[in-house]
Structures are given as structure tokens and as C-alpha cells.
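Structure first, commentary second.
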Amino acid sequence: MEAEELGRLVEAAAGGETKAWETLVERCNGLVWSVAGSYGLSRADSADVTQVTWLRLVEHIGRLRDPSRVGAWLVTTARRECLRLLRAANREVPGDAYTKLETVEPGRSSIESLVLRNERAALVWRTFRQLGTRCQELLRALLLAYPVLSYEEVASALGMPIGSIGPTRHRCLEQLRRKLGSEVSTNI
Amino acid sequence: MTDDNGAADPQQAELRSDEHDALWQELRMLIHKADPVSPQVLQAARESFTWRTIDAELAALTYDSVVDRPTTSVVRGTEGPRLLSFEASEFSVELEVTAVGARRRVVGQLTPPQPARVEVRHRAGHTLVEADELGRFRTEDLAAGPSSLRCHLTGRRGAAPVVTEWITL
């Protein structure tokens, strides 16, 4: 039902309706941003990825095979742009986008350390950023894009069956909980 | 090891779920502090609609040396310029991009070779360059970031302009 609503926004925007475009951006921008964050890019690089993804959609808006799957189109485009940027910066990237990416970009974490004076907060955030790309994508999308997008829309955009969202979220949180547990015990 | 099997114990599982809820609340607060969606990015996304071109033919990115060249054969940092190809139905653009800090030097070639007015579209607006009779053009000082070319084929009367897909240079 709601995916059809996104499809209608795409069709209206393709017909030149600025308002429909803006609504589409407001609903899906958190999703696009959350993909960029999952690849350990700096905020400046995430900004480039997000902007290029939307510009790509502007050019392709009248050419989408299935307008109701615009979320998946945006996620796929953003993922590709992340890998392109990582490669262009000559950083090491695994061949499979879903394998773990543990690099923490220094620029990003130093800005964060100013914000996160609280030690516990800094530890949780640092550990979260060490989770695999797939876990971060799902958790970030649920944190940033939900409830503007429904669970169903997030699932469709990430290419996951709706039934696996709950269990995957659980598994990723469990991973984070354990990592935090071992961080705390090694610090004592 | 008891920790691994703990989920099978209902009491443990309930405890686990409380911990997950607490962790989720922490993350929700953290992400909005540490990595919120930038308002400028949202604004740029809204405004990107003004770049819409309805009269132009789209030239798709078909080659990018950054992703299409096997990485095993090159030594880090010695690849030379980045090569990009964009293709439309009867027209293509090839670019050679050299990074000079945060600036980009771009040398381009239109095929078939022909004169054109090339509008380099980027975040700050656009830069105009002329392609010569042999379809060659260059721009020395482009800011890094998302870019797209709009080529007005001056040699072909009535021909629709060609735009390349956006890409981060």
C-alpha cells in the first residue's frame, strides 16, 4: 500500500511536480544518508554520496522500471557510490559489499568525540561503527528512516524479506551487546 | 559459554530483550547527536530537482577505471588519471580526471569528434568550456564533488543536448 504511495510520488515528480519531489526527498533522505554512514565514510563523503544519489534519481525519474521500488533503487545507487568513493580514495574495500568493514575514518570520529564527551556514549558509538556494513545499514535505516518509512518500505529498500527485519535487528543488537560486554571486561 | 546458550532460557531471553531495548534507546539518542542527517544535504537534495533536464538525451556511465579496472594489477597510488566513459545512442564522452588536492583537472573527448559547448554542472553552479573541431575540451580547475556534463552539439542543428549521469569527481 505505502510502497504504491512512493510510486505515485515518483510518477508525479516525473511529470514535473516539485512538491511531489520534495515529499519524496523528505521521506527517503534519511534512508540514503543511513546507507552512506554504514560504509564508514566521512560526513563530507556521505554528503557527496547522498547528493549524487538524488541527482541520479533526478535524471532517471521518468525511466524507473518500477516506480514503487524507488527505495531499493536509491539504496542500490547509494551503495554503488559508496564503493566508488572508497575505491577512488584508494582505501581497502572488500569485494563483497556485505562483508565486514572495520575501518573507522579518523575525521569522523574526532568530530564525534567532541560531541560525545560521555565515555559510555563514546564507547557505544565506536563499537556500533565496528559492526558489519549489513548490520549498520539495517540499524541506521531503522533509526533514521523509520517511522517516516514503514518497516515494509525499509525492508523493500534494503532488499530484505519483511519477516527477516525483526530477527536481523535482534541478531545485530546482540552482536553489539556482546562486543560492548567484551570491551568493558577488557577495560577493567 | 553459558552466555551463548543463555537465549534458550526464557528468563535469560527476557533479560536480553530488556537490554536490547535499552541499547536501542541509547543508539537512537546517539545517532541523532553523532551522525544526524545534515540539513544542508537535505536542502541540496530538495534543490537537485532544478537540475532536471527534459529535453536532453542521457549518456550513461559505462566505464570508470576506479571500479572497472582490476585492482590487483595496480600499485596503490600509482594508477594515474581516472578514466570515465559515458555513452548515449550515437554519441560518447570520455574523460580523463586528475586530482590536484580538492581540485580536478578534466580532459575530455567527444565521439564522434565535433565542436560543442560543454556545460560542466557542479555544486557551485556551472562552468562553460568549448570543445574544438576534434571534440577535445579541458577544464583545469573544477571543485571536487558531484558533476555532470551537458553537451550542446553546435555542429548539428536541431540535435538534442546530451547530459552525462552525475558522478562524484
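Please read these numbers as outputs of a predicted model, since none were measured by experiment. We name chains A, B, ... by the order of the sequence lines, and we start the count at 1 in each one.
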Check whether any side-chain heavy atom of [X] lies under 4.5 Å from a side-chain heavy atom of [Y], and answer yes or no.
X	Y	value
Leu30(B)	Phe128(A)	no
Val49(A)	Thr168(B)	no
His32(B)	Leu144(A)	yes
Val58(A)	Trp166(B)	no
His60(A)	Leu58(B)	yes
Arg56(A)	Ile167(B)	yes
Val66(B)	Leu85(A)	no

Do NZ/NE/NH1/NH2 and the carboxylate oxygens of [X] and [Y] come within less than 4.0 Å?
X	Y	result
Glu22(A)	Arg46(B)	no
Arg140(A)	Asp35(B)	yes
Asp48(A)	Arg123(B)	yes
Arg63(A)	Glu165(B)	no
Glu59(A)	Arg52(B)	no

Side chain / backbone / both / neither for Leu57(A) at chain B, heavy atoms under 4.5 Å =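 Neither the backbone nor the side chain of Leu57(A) comes within 4.5 Å of chain B.
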key: Interface moiety of Ala14(A) toward chain B, non-hydrogen atoms closer than 4.5 Å   =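 Backbone only.
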inquiry  = I'd like to know if the side chain of Trp21(A) and the backbone of Ala45(B) have a donor-acceptor N/O pair within less than 3.5 Å.
reply    =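 Yes, Trp21(A) side chain to Ala45(B) backbone: donor-acceptor pair under 3.5 Å.
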message = Test your reading of the model: is there a side-chain donor-acceptor pair from Arg43(A) to the backbone of Val37(B), 3.5 Å cut-off?
response = no
key: Segment of Arg82(B) engaging chain A (4.5 angstrom heavy-atom cut-off)   =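 For Arg82(B), the side chain is the part near chain A, not the backbone.
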ask   = Side chain, backbone, both or neither: which part of Ala144(B) has a non-hydrogen atom closer than 4.5 Å to chain A?
value = neither
request  = Give the member of Thr50(B), Leu42(B), Thr53(B) that has the highest number of heavy-atom pairs under 4.5 Å with chain A.
outcome  =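 Greatest number of close heavy-atom pairs with chain A: Leu42(B).
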key: Nearest heavy atoms of Trp54(A) and Ser48(B), plus distance in Å   = CB-OG, 3.9 Å
message = Restricting to non-hydrogen atoms, name the atom on Ala13(A) and the atom on Phe49(B) that form the minimum distance, rounded to 0.1 Å.
response =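 Taking Ala13(A) first and Phe49(B) second, the nearest heavy atoms are O-CZ, 3.2 Å.
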